[in-house]
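Following: one structure in structure tokens, then a few remarks.
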Amino acid sequence: MSVNPRPALTKNAYVYEELRRRILAGELVQGQSISQEQLAAELGVSTTPLREALRRLDAEGLVTIDAHRDARVSRLNAEEARSLFEVRERLDPLATKLAAARRTDADIAAIGTALKDLEPLSTSTGFESLLVHRAFHRSIYTASHNPLLMTLLEGLWDKADRYRLIGLQSKPDSPQDQERVRREHIEIAEAVIAGDARTAERAMKKHVQGSLGRRAIAALDA
């Protein structure tokens with residue numbers, strides 16, 4: 001597998017970002033053993049930055065390191081999917097409510113740009129398209145101007161991305177689903193921009209309740 005030219009990052013940061021991207025994109029699948037020597041050679045680094053990256057990913061729950069320092073991609077399970085959904089169902093609407101009350105002109109511009117970039121998701125959707133959807137949600141919770149809430153949601157989305165892929169693959173969106181999601185995004189953005197906190201909160205809660213994360217719970221339960 002070819003690797004894109006390394007960006008201007010430290011070796012530690014580069015290895016962490018690349019390994020994290022491969023896990024979230026499903027290129028490294030759940031339960032897969034990670035050959036540290038092979039991966040280090042492929043990325044053109046020593047095993048030292050790779051081990052540091054694995055420790056960070058272990059702390060984030062994306063990999064599991066056993067007592068022998070062997071690493072595997074963490075497995076997905078319905079219990080974690082349900083926990084993620086339950087927390088997002090509370091925190092995303094809260095962040096959206098706060099965003100409607102606190103958004104700045106810069107936030108409004110960022111939300112508008114993120115909304116324009118959205119495209120319908122399908123089973124052929126690449127990971128980059130999922131990141132565009134995440135960017136829209138980030139533009140909303142960033143506008144809350146609550147640093148702790150923003151950090152919590154960023155961490156939740158790190159874990160949720162793999163479950164979103166499972167949800168999409170288990171039951172592709174119909175044209176009706178795609179139109180519903182498009183309308184929901186517009187409603188959320190318009191309510192935040194208009195400063196309508198109650199409508200914004202309600203719209204986000206409805207959106208989360210019909211999300212890919214919830215679909216992933218059903219798929220993993222099955």
Do the non-hydrogen side-chain atoms of [X] and [Y] ever get within less than 4.5 Å of each other?
X    : Y    : result
D92  : W157 : yes
Q30  : S74  : no
E52  : Y16  : no
R51  : R55  : yes
V73  : V29  : no
V208 : M204 : yes
R72  : Q32  : no
L148 : N146 : yes

If you look at every heavy atom in [X] and [Y], which pair is closest and at what distance?
X    : Y    : result
D58  : V63  : OD1-O, 3.1 Å
Y141 : L153 : CB-CD1, 3.5 Å
H207 : E184 : ND1-OE1, 2.7 Å
A135 : A114 : O-CB, 4.2 Å
R20  : L62  : CG-CD1, 4.1 Å
L165 : L24  : CD1-O, 3.2 Å

Practice task
Fit a plane to each ring of H185 and H137, take the angle between them on a 0 to 90° scale, and name the class: parallel (under 30°), tilted (30 to 60°) or perpendicular (over 60°).
Solution key: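 Plane angle over 60°, so perpendicular.
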Exercise for the section: Nearest 0.5 Å please: distance from the NZ atom of K97 over to the OG atom of S144. Expected result: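 Answer rounded to 0.5 Å: 13.0 Å.
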Practice task
Please round to the nearest 0.5 Å and tell me the distance separating atom CG of L50 and atom CG of L19.
Solution key: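 So the CG of L50 and the CG of L19 are separated by 6.5 Å.
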Problem - side chain to side chain contact (heavy atoms under 4.5 Å, CB included) evaluation trace for Q36 with L54 - result: CA-CA 9 Å; Q36 297 185 33; L54 289 171; 3.7 Å; yes
Practice task
Kindly state each residue pair satisfying side chain to side chain donor-acceptor pair (under 3.5 Å) with at least one member in residues 102-111, sequence neighbours excluded.
Solution key: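 Qualifying pairs, neighbours excluded: T104-D107, D107-H145.
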Is it true that [X] and [Y] make a salt bridge, defined as a side-chain N closer than 4.0 Å to a carboxylate O?
X    : Y    : result
E17  : R21  : no
R22  : E42  : yes
K205 : E89  : no
R134 : E154 : yes

Exercise for the section: Decide salt bridge (Lys or Arg N to Asp or Glu O under 4.0 Å) for E86 and R90; before the verdict, give the C-alpha distance in whole Å, the side-chain angles of both, and the deciding distance to 0.1 Å. Expected result: CA-CA 7 Å; E86 290 171 350; R90 302 298 189 274; over 6 Å; no
Can you give the donor-acceptor pairs under 3.5 Å from side chains of residues 187-197 to other protein atoms, not counting sequence neighbours?
residue, atom, partner, partner atom, Å
D196, OD1, T199, N, 3.2
D196, OD1, T199, OG1, 3.2
D196, OD2, T199, OG1, 2.8

Handout entry: Heavy-atom donor-acceptor pair, T113 side chain to A110 backbone, under 3.5 Å
Key =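 Flag not set: sc T113 to bb A110 has no pair under 3.5 Å.
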Handout entry: side chain to side chain contact (heavy atoms under 4.5 Å, CB included) evaluation trace for L94 with E201
Key = CA-CA 6 Å; L94 171 60; E201 180 183 29; 5.7 Å; no
Practice task
Show your working on salt bridge (Lys or Arg N to Asp or Glu O under 4.0 Å) between R82 and D221 and close with a plain yes or no.
Solution key: CA-CA 10 Å; R82 190 172 292 107; D221 272 335; 2.6 Å; yes
Practice task
Just do the side chain to side chain contact (heavy atoms under 4.5 Å, CB included) check on F85 and I217 with the steps written out, would you?
Solution key: CA-CA 9 Å; F85 173 78; I217 299 172; 3.8 Å; yes
Problem - Verdict with supporting geometry, V181 and L118, side chain to side chain contact (heavy atoms under 4.5 Å, CB included) - result: CA-CA 10 Å; V181 172; L118 289 175; over 6 Å; no
